[in-house]
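Let me begin by presenting the structure, written as structure tokens, before commenting on it.
Only a predicted model underlies this, so the values are computations on that prediction, with no experimental measurement involved.
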Amino acid sequence: MLTEPRAGRLAAWGNALLAGLVSPDDAVLAIVGEDAVHRVEGLPGESGQVGLTLALGRLRTLGVTGLRVALPAPGHPLGLSGPPEFNARALEAEEAVVCYGAALGLVPDVYEAGPEGVQDEVVWHVLPVREAPPADVPSLGEAERELAEALREATEVLTRLDVAGSGPVAEAAVDAYRARAERGREVLAPGYPSRAVRVLELAQRVGTLIVVATESGHGGAVSSSEMSARREALRPVERTARRAQVAAYNSVVEERERGVR
């Protein structure tokens with residue numbers, strides 16, 4: 001969770017485009033980011049791969065009015081609703097976009113591009129999905145409360161174990177990671193509520209803290225029981241942070257479903 005998922009960029013800026021808040025060129029530029037190119041394959045009515053601009057326009061004509069994010073992990077089909085083929089592809093990619101208004105979903109394949117493989121090319125595969133509520137996605141309010149509680153609990157355990165990743169040095173590393181990640185990047189896209197931005201920022205910060213704690217070595221946790229406790233402390237916090245990310249990205253569609261907008 002150190003970097004913004006491609007599914008998050010596609011959903012956020014796709015939602016802004018569908019709402020008429022950004023131009024197609026601006027949306028595509030934000031979605032592609034530092035990748036070489038994004039193309040879409042399997043779109044109804046198209047025999048081959050097409051560009052993002054055409055694909056987003058075609059999705060609108062097919063009835064799509066919003067885009068949701070799924071960030072599944074083994075044993076946790078977060079944001080998915082089936083069928084099994086789509087879920088399996090999404091789990092392999094660890095991310096997907098699910099359309100609202102049409103029974104379609106998009107799963108990315110990423111390929112190295114360029115003479116030295118310095119950039120990535122992304123192909124989004126369009127597949128049928130089941131029209132059903134997405135699995136295990138909390139409301140923004142629930143996500144914010146759960147994330148704050150999970151962060152407190154994990155910090156207490158890591159501090160008690162004297163694990164690198166729980167003190168001022170880790171906080172400085174988190175800030176450095178975030179500064180690099182945020183250069184030239186806007187959190188979410190126009191049209192999202194301020195609470196969604198706040199929740200996503202906190203979820204990404206927690207994700208960064210998990211990476212720092214994981215990559216910082218054993219720290220003071222030298223026994224196998226302490227290492228096991230460390231892993232157990234991080235596992236639920238990582239799950240909660242992913243749920244919060246999905247809640248933030250999906251908040252525009254959720255508000256529309258509730259008639260807020």
If you define the side chain from C-beta out and look only at heavy atoms, does anything of [X] sit under 4.5 Å from [Y]?
{"X": "Leu200", "Y": "Tyr249", "value": "yes"}
{"X": "Ser81", "Y": "Pro133", "value": "no"}
{"X": "Glu255", "Y": "Pro193", "value": "yes"}
{"X": "Val237", "Y": "Val206", "value": "yes"}
{"X": "Pro44", "Y": "Leu104", "value": "yes"}
{"X": "Val40", "Y": "Leu52", "value": "yes"}
{"X": "Trp124", "Y": "His38", "value": "yes"}
{"X": "His125", "Y": "Asp109", "value": "yes"}

[X] and [Y]: which non-hydrogen atoms are nearest, and at how many Å?
{"X": "Ala203", "Y": "Ala241", "answer": "CB-O, 3.6 Å"}
{"X": "Ala102", "Y": "Val64", "answer": "CB-CG2, 3.7 Å"}
{"X": "Leu106", "Y": "Phe86", "answer": "N-CE1, 3.8 Å"}
{"X": "Pro190", "Y": "Ala16", "answer": "O-CB, 3.6 Å"}
{"X": "Glu131", "Y": "Ala103", "answer": "CG-CB, 3.7 Å"}
{"X": "Gly79", "Y": "Pro134", "answer": "O-CB, 3.5 Å"}

Rounded to the nearest 0.5 Å, how far does [atom2] of [Y] lie from [atom1] of [X]?
{"X": "Leu147", "Y": "Arg152", "atom1": "CG", "atom2": "CZ", "value": "10.0 Å"}
{"X": "Leu202", "Y": "Gln245", "atom1": "CG", "atom2": "CD", "value": "10.5 Å"}
{"X": "Leu62", "Y": "Cys99", "atom1": "CG", "atom2": "SG", "value": "8.5 Å"}
{"X": "Leu80", "Y": "Leu91", "atom1": "CG", "atom2": "CG", "value": "8.0 Å"}
{"X": "Leu43", "Y": "Gln49", "atom1": "CG", "atom2": "CD", "value": "11.5 Å"}
{"X": "Leu10", "Y": "Ile31", "atom1": "CG", "atom2": "CD1", "value": "5.0 Å"}

Taking it one step at a time, do Leu71 and Glu94 satisfy side-chain contact (heavy atoms from CB on, under 4.5 Å)? CA-CA 6 Å; Leu71 297 177; Glu94 299 183 337; over 6 Å; no
Can Asp35 and Arg9 be said to form a salt bridge (charged side-chain N to carboxylate O under 4.0 Å, His left out), step by step? CA-CA 12 Å; Asp35 295 331; Arg9 294 205 306 267; 3.4 Å; yes
Examine [X] and [Y] and state if one hydrophobic cluster contains both, with Ile, Leu, Val, Met, Phe, Trp and Tyr joined whenever side-chain heavy atoms are less than 4.5 Å apart.
{"X": "Leu59", "Y": "Trp13", "value": "yes"}
{"X": "Val110", "Y": "Leu127", "value": "no"}
{"X": "Val246", "Y": "Leu188", "value": "yes"}
{"X": "Val97", "Y": "Val126", "value": "yes"}
{"X": "Val50", "Y": "Leu29", "value": "no"}

What do the steps show when you test Val107 against Glu92 for side-chain contact (heavy atoms from CB on, under 4.5 Å), and what is the final call? CA-CA 9 Å; Val107 179; Glu92 183 178 1; over 6 Å; no
Side-chain donor or acceptor of [X] paired with backbone N/O of [Y] under 3.5 Å:
{"X": "Glu142", "Y": "Ser139", "result": "yes"}
{"X": "Asn250", "Y": "Arg68", "result": "no"}
{"X": "Gln119", "Y": "Glu34", "result": "yes"}
{"X": "Asp136", "Y": "Leu78", "result": "no"}

Check each of Glu254, Glu144, Glu201 against Arg195 using the salt bridge (Lys or Arg N to Asp or Glu O under 4.0 Å) test, and report the only one that passes.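 Answer after filtering Glu254, Glu144, Glu201: Glu144.
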Charged N to carboxylate O below 4.0 Å: is that the case for Glu238 and Arg242?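 Answer for the salt bridge query: yes.
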Does a side-chain N-to-carboxylate-O contact under 4.0 Å join Arg6 and Asp120?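 Yes, charged N to carboxylate O under 4.0 Å.
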Determine whether more than 12 heavy atoms belonging to other residues, nucleotides or ligands lie under 6.0 Å from atom CD of Glu41.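 Atom CD in Glu41 is packed in, count exceeds 12.
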Would you say CD of Glu85 has more than 12 non-hydrogen atoms from neighbouring residues, nucleotides or ligands within 6.0 angstrom?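 Check fails, neighbour count at 12 or below.
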Using only heavy-atom distances, determine whether the side chains of Asn15 and Tyr192 contain a donor-acceptor pair under 3.5 Å.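 Per modelled atom types, Asn15 and Tyr192 side chains form a pair under 3.5 Å.
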Do you see a donor-acceptor pair shorter than 3.5 Å between the side chains of Arg243 and His76?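 His76 and Arg243 do not have a side-chain donor-acceptor pair below 3.5 Å.
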